[in-house]
Structures are given as C-alpha cells and as structure tokens.
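In what follows, a single structure is set out as structure tokens and then discussed.
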Amino acid sequence: MSPDDQFEARVLGGPTVLIEYGGLRLLTDPTFDDPQDYEVGPDRYLTKTAASAMAPSALGSLDAVLLSHDQHPDNLDRAGRALLPTVPAVFTTESGARRLGGNAVGMAPWQEQRLERPGGGTVTLTAVPARHGPAGCEPVTGDVIGFVLSAPDLPTVYISGDNASLDLVQEIATRFPSIDFAVLFAGAVRTPLLDGALLTLDGEQAAQAAGILGARRVIPAHVDSWAHFTEGREQFDSAFAKAGLASLLRP
C-alpha cells in the first residue's frame, strides 16, 4: 500500500470534510443542520442553502474533530455542536476549548499532539496559524487555527481552516516544505464590518497558496452551501485553471 492510499477526503458540504488518514477517521468543522438562517448580529444573518451530503448518524466512529474555530455557525452549527461530545477529542483554538469545555483540547499555533493509530504508531497533529481576515481582524472574527497531519510513512496534509493570509501560508510552507495534500477553505467570504476585506481565500489566492505550499493535490472546501460565500467551486476551479494548476484538484 502506498502512503497516498492511506489518505482519503470526502467533502460533505461547506467546511466539513471527512478524512481517513493512517487508520484514523477525522472530521473538520462539523456543519450538519438543515438549510436555515442564523442571526449573527443585529439585522445580520448567515444563510445555509444546502444540506450536508451525510447525516451525523451515517459517519460511523470518529477519532477526533479538527475544529478551526467555534464562533461562527458556518463552521460549527447546532448539529455539529451536538456531535462534539460523541468523539474522543476536539482539537481547536485555546479560546475555543475554554468555551466548549468537555473533550475540547486547545492548541496554540505550532503546538503538537500525538494521535495513536489503530494499527500501531502515531500521527502528529500540528496546529498552524490562520487569520480570519486582514491584519488586526481578531476582535471582530476571533481566533482561528489550521492543522497539519504528518507521520514518517504517510503523506503530509495541510488543512487551512478559515485563513485569509498568504503570509501565514508561507510560514507554514517554511516549516513543512513537503505538503502532499492541501485542504483549502475558500469561498471569498467578505463582511462590511471589515470594509469588505476577504475573510477566507478567494480562488486566485487559493491557487497562490497551493503554489507556495508546493502541494501535489488540492481538496477544495468551504466553497458551497452558504449564501455569504461570494465564490463557489466554479470560480475556484477557474482560478486554478488560469494559474495552470488544474491538474492539482481532486474531484
């Protein structure tokens, strides 16, 4: 079995990706509610437009949830919150772990955790920096992290979380010069609270991120199922084609 055979990723909708890696089953940012509106401030709503491709009851056993942040319903909705106590561990930001309590494990950027593999050995989970908007956005958007999965006999996997900073992508590429698979959250989210600045990558920036990382394959996530995403999968694919990187994309 080649190392690549020990990595599978299925995008279930929005930022929710079911990952099988070295015998472990991991889930990113759980969002399983039916389509609906969420009030996130006075006269401000986020609208979910499509159901998940899989119900929580169909997921089977999970070893951990990798939660980029807990503050926004497009990354953790009501059904996602209900799922969290059923998994052994939820890895997230330090502030998020304080809010969630229970089995939540807070991680600072560059902190590592060892995950025991069912067949023996371990996977290293490294929290990596992410910024959910322009410099100084944290009082508005809150803290966010991404993740890197690695092991000597497995491909290295980067999960961006809601990150809008290519400078941080460069820092990650410096620390991890061989990224095999990149799960890139995009959607070109913007908010008037920050003068329309990007809160997540757009397609063009995602293509730049893939180039910075030297990724062999890219899995697009966070590009569908929510009305406030200003770009979808079509724009993501078009940007990669324009950059000559269409061959990197996983279906």
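Starting from 1, each residue takes its place in the sequence as its number.
- The number of heavy-atom neighbours closer than 6.0 Å to CD of E234, taken from other residues, nucleotides and ligands shown, is 12 or below.
- Looking only at side-chain heavy atoms (C-beta outward), P220 and L249 come within less than 4.5 Å of each other.
- R25 and D63 are not joined by a salt bridge, as no carboxylate oxygen comes within less than 4.0 angstrom of a charged side-chain nitrogen.
- Judged by distance alone, the side chain of T93 and the main-chain N or O of G96 form a donor-acceptor pair under 3.5 Å.
- Follow the hydrophobic side-chain contacts under 4.5 Å out from V65 and you never reach I19; the two are in separate clusters.
- Atom CZ of residue F185 and atom CG of residue N75 lie 7.0 Å apart, to the nearest 0.5 angstrom.
- Side chain of T141 to backbone of H132: a donor-acceptor contact under 3.5 angstrom is found.
- Taken together through direct or relayed side-chain contacts under 4.5 Å among Ile, Leu, Val, Met, Phe, Trp and Tyr, L168 and V148 form parts of separate hydrophobic clusters.
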- Task: Step by step, work out the side-chain contact (heavy atoms from CB on, under 4.5 Å) result for L199 and T191.
- Result: CA-CA 8 Å; L199 305 188; T191 177; 3.6 Å; yes
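- Between K48 and D77 a salt bridge is recorded (basic side-chain N to carboxylate O distance below 4.0 Å).
- Listed for the D195 side chain is no donor-acceptor partner under 3.5 Å among the backbone atoms of A197.
- Judged by distance alone, with hydrogens and angles left aside, the side-chain atoms of Y21 form no donor-acceptor pair with the main-chain N or O of V123 at under 3.5 Å.
- At a threshold of 4.0 Å, the pair R114-E116 does not count as salt-bridged, since none of the basic side-chain nitrogens sits closer than that to a carboxylate oxygen.
- Within the 3.5 Å criterion, the main-chain N or O of A108 finds a donor-acceptor partner in the side chain of Q111.
- Looking only at distances, a side-chain donor or acceptor of E231 sits under 3.5 Å from a matching main-chain atom of G203.
- At least one donor-acceptor pair closer than 3.5 Å links the side chain of T230 to the backbone N or O of A188.
- Panel note: side chain R233, backbone V223; no donor-acceptor pair is recorded below 3.5 Å.
- To the nearest 0.5 angstrom, L59 atom CG is 6.5 Å from L12 atom CG.
- A donor-acceptor pair shorter than 3.5 Å can be found between the side chains of T31 and T16.
- Under the 3.5 Å distance criterion, with hydrogens and angles disregarded, no donor-acceptor pair is assigned to the side chains of Y38 and D74.
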- Are V218 and V183 close enough, and set up right, to give a side-chain contact (heavy atoms from CB on, under 4.5 Å), and what steps lead you there? CA-CA 6 Å; V218 171; V183 181; over 6 Å; no
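- Residue Q71 holds its CD atom at 9.5 Å from CG of L76, rounded to the nearest 0.5 Å.
- At least one donor-acceptor pair closer than 3.5 Å links the side chain of R131 to the backbone N or O of G133.
- Counting only distance, with no hydrogens or angles, the side chain of E171 and the backbone of V169 share no donor-acceptor pair below 3.5 Å.
- Distance check: S68 OG to D143 CG gives 11.5 Å after rounding to the nearest 0.5 Å.
- Using bins of under 30°, 30° to 60° and over 60° for the plane-to-plane angle, the ring pair F229/H222 lands in the parallel bin.
- If you take CG on D37 and OG1 on T47, they are separated by 3.5 Å, rounding to the nearest 0.5 Å.
- For the atom pair CG of D180 and CG of L154, the computed distance is 10.0 Å after rounding to the nearest 0.5 Å.
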- side-chain hydrogen bond (donor to acceptor under 3.5 Å, both in side chains) between T49 and S225, worked out: CA-CA 5 Å; T49 59; S225 304; 5.4 Å; no
